[in-house]
Amino acid sequence: MAQEVSSGVDFIRAKILDDNASGRYGGKVHTRFPPEPNGYLHLGHAKSICLNFGVAEQFNGMCNLRFDDTNPAKEDTEYVDSIREDVRWLGGDWQNREYYASDYFEQLYAYAEQLIKMGKAYVDDLSTDEIREYRGTLTQAGQESPYRNRGVEENLDLFRRMRAGEFPDEARVLRAKIDMAASNLIMRDPVLYRIRHTAHHRTGDAWCIYPLYDYTHCLSDSLEGVTHSLCTLEFANNRELYGWVLDALNVYHPQQIEFARLNVTNTVLSKRKLIQLVESGHVSGWDDPRMPTLCGLRRRGVPPEALREFCARVGLARVNSTVEYAMLEFCIREYLNKRASRLMAVLDPVKVVIENYPEDAVEVFDMPLHPENPAFGSRNVPFSRKLYIDRDDFRLEPPKKFHRLSPGAEVRLRYAYLVTCREAVLDESGNVRELRCVYDPQSRGGQSPDGRKVRGTIHWVSAGHAVPAVVRLYGHLFAVENPEDVPEGRTFLDNLSPDSLRLAQALLEPALAESAKTGECVQFERLGYFCKDRDSTQGLAVFNRTATLRDTWAKLEKKGE
Ligand code: ATP
Ligand code: MG
């Protein structure tokens, strides 16, 4: 996976360089991206994907895709399929190394029997609540379960009967026998297996006991020969258990390294929360273009290259922080600026009549598809007496420095002519219904014939040729920077922005309507980047706004904020 910027050597790459120099893994670098298939991937996962696949590629290593599918109740093949698609889209290539923790169930079970035989695991009959009560607190040692000192034979027998389905859910668990007084609470005899009479999306009814994350994850890493197991900071406390399991079983020991989670302003990055947005109908689905999911971003028109650049710029840290959403938009703009064709669209049309232009005449202007890159070629744009411009480009009473159209003012119609507004015709409620203008026939191509200054240039479409389209204008899904910061009794859903989606009945120049392909991003001149949506029909195109042209990020950076 190509890394768009090299941000120097971060602490993880520094560690790998060290390990390679010392020969710790014989110069081998093997990572994995380990999603749980219980939802769609989001921006946070993009960071992990770019890191794991990026590191592997950089050091001529390998990166596995491993589904961490140990919780049958929440997982589904729909999620597996979406994850494969999203990782591939972002540029992650796991070749033939697509693994599932569930493929290791038999092996994990054998390891568990081994732990029991070594006296390092026992079957506990305490209930979930009792186990919690017995665990103690940060300041108080835990209490040993009365079942802790069962003999090996009894434990083996009970564990085999757990597997055989003799006991109901929650009746018993298998626990590691470590230390109920450990200062790290995770080490106080953690649960390794629990009973769940629930079918699994891959193993069906083969199992009614399922291994827990901490037990499964380290052993999966070990079985796959992973060298550097990269995970987020909240697993720092689990590292001790990760090591304990591998050491107890005396198997190959990868090293776990933690890095900071990605947080982004005005959105939430947690599958549990995203699923709530989908299920409550606040968004149209996982791929609603307002969602921070990879499929949502893709549908919005965000190119994978821009996302990779974003992840590279975010970099790696050992402390959690929040990144401005504007930085993602900056990366999107930077990428699309060089690659998107320019066309004209009017989002809020106001009619313009060029009074001195012949009634039935039509001129066709040849306009470049990219102002700086002739390789894009050009398109034909028809011009006629009746046009539309954007309502926002006209002011009845213009403020100072308003260089667009107003009564008596002259502007350039992009690549066409200079026009002067003679009169604004208003409707009963005072809204502009039509602008009566005159054009300068000497200004063909938008050139000033006598050197007079015309400051403003506005976009337009020809009324008789324009094609209607629906344009979805997206804003932040959440109105506040940190949607999860809520007072008692309220939830992140209370922070949803009421106008994260506005619909515009737009008019497009004909070339735009004809040529854009679904999923393709173009620039509507002066308005932003827009991506043709799959909801488009033969008669009516639908475009999603990918990003505006306003660069709030560059401004923030300049101010040194
Ligand atoms: P969520 O909180 O959204 O459920 P998760 O961590 O439970 O996320 P997993 O499917 O277990 O989701 O994550 C797969 C990998 O992606 C893990 O290695 C995890 O650390 C990483 N990951 C998840 N969210 C982020 C994030 N916000 N920033 C960086 N990495 C992340
Ligand atoms: Mg998880």
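FYI, the numbering just counts along the sequence from 1. Numbering of ligands and ligand atoms starts at 1, following listing order.
Between Thr232 and ligand 1, at least one N/O pair is under 3.5 Å apart. Between Glu36 and ligand 1, a contact under 3.5 Å exists for at least one N or O pair. In terms of N/O distances under 3.5 Å, ligand 1 is not approached by Lys47. In terms of polar-atom proximity, defined here as any N/O pair under 3.5 Å, Leu262 does make such a contact with ligand 1.
For the pair His45 and ligand 1, a heavy-atom separation below 4.0 Å is found.
Under a 4.0 Å criterion applied to the non-hydrogen atoms of Pro34, ligand 1 contributes the atoms 14 (C), 18 (O). The distance from ligand 1 to the heavy atoms of Pro35 drops below 4.0 Å at these ligand atoms: 10 (O), 14 (C).
Residues in residues 247-291 take part in these ring pair (Phe, Tyr, Trp, His ring centres under 6.0 Å) pairs, two or more places apart or across chains: Tyr40-Trp286. Within the structure, the salt bridge (Lys or Arg N to Asp or Glu O under 4.0 Å) test picks out the following pairs touching residues 135-144 (sequence neighbours left out): Glu144-Arg148.
No donor-acceptor distance shorter than 3.5 angstrom exists from the side chain of Asp533 to the backbone of Ser536, with no hydrogens or angles considered. Side-chain N or O atoms of Thr546 include none that pairs as donor or acceptor with a backbone N or O of Val302 at under 3.5 Å. The backbone N or O of Ala112 lies less than 3.5 Å from a partner atom in the side chain of Tyr215, making a donor-acceptor pair.
Looking at His42 against ligand 1, only its side chain comes within 4.0 Å, counting heavy atoms. At a 4.0 Å heavy-atom cut-off, ligand 1 touches Phe33 through the side chain alone.
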Go through it in stages, so that I can follow the logic: the residues are Trp94 and Arg66, the test is side-chain contact (heavy atoms from CB on, under 4.5 Å), and I'd like the CA-CA distance, side-chain angles, deciding distance and then a yes or no. CA-CA 9 Å; Trp94 59 94; Arg66 183 197 318 137; over 6 Å; no

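Classification of Arg298 and Glu85 as a salt-bridged pair holds, one side-chain N sitting under 4.0 Å from a carboxylate O.
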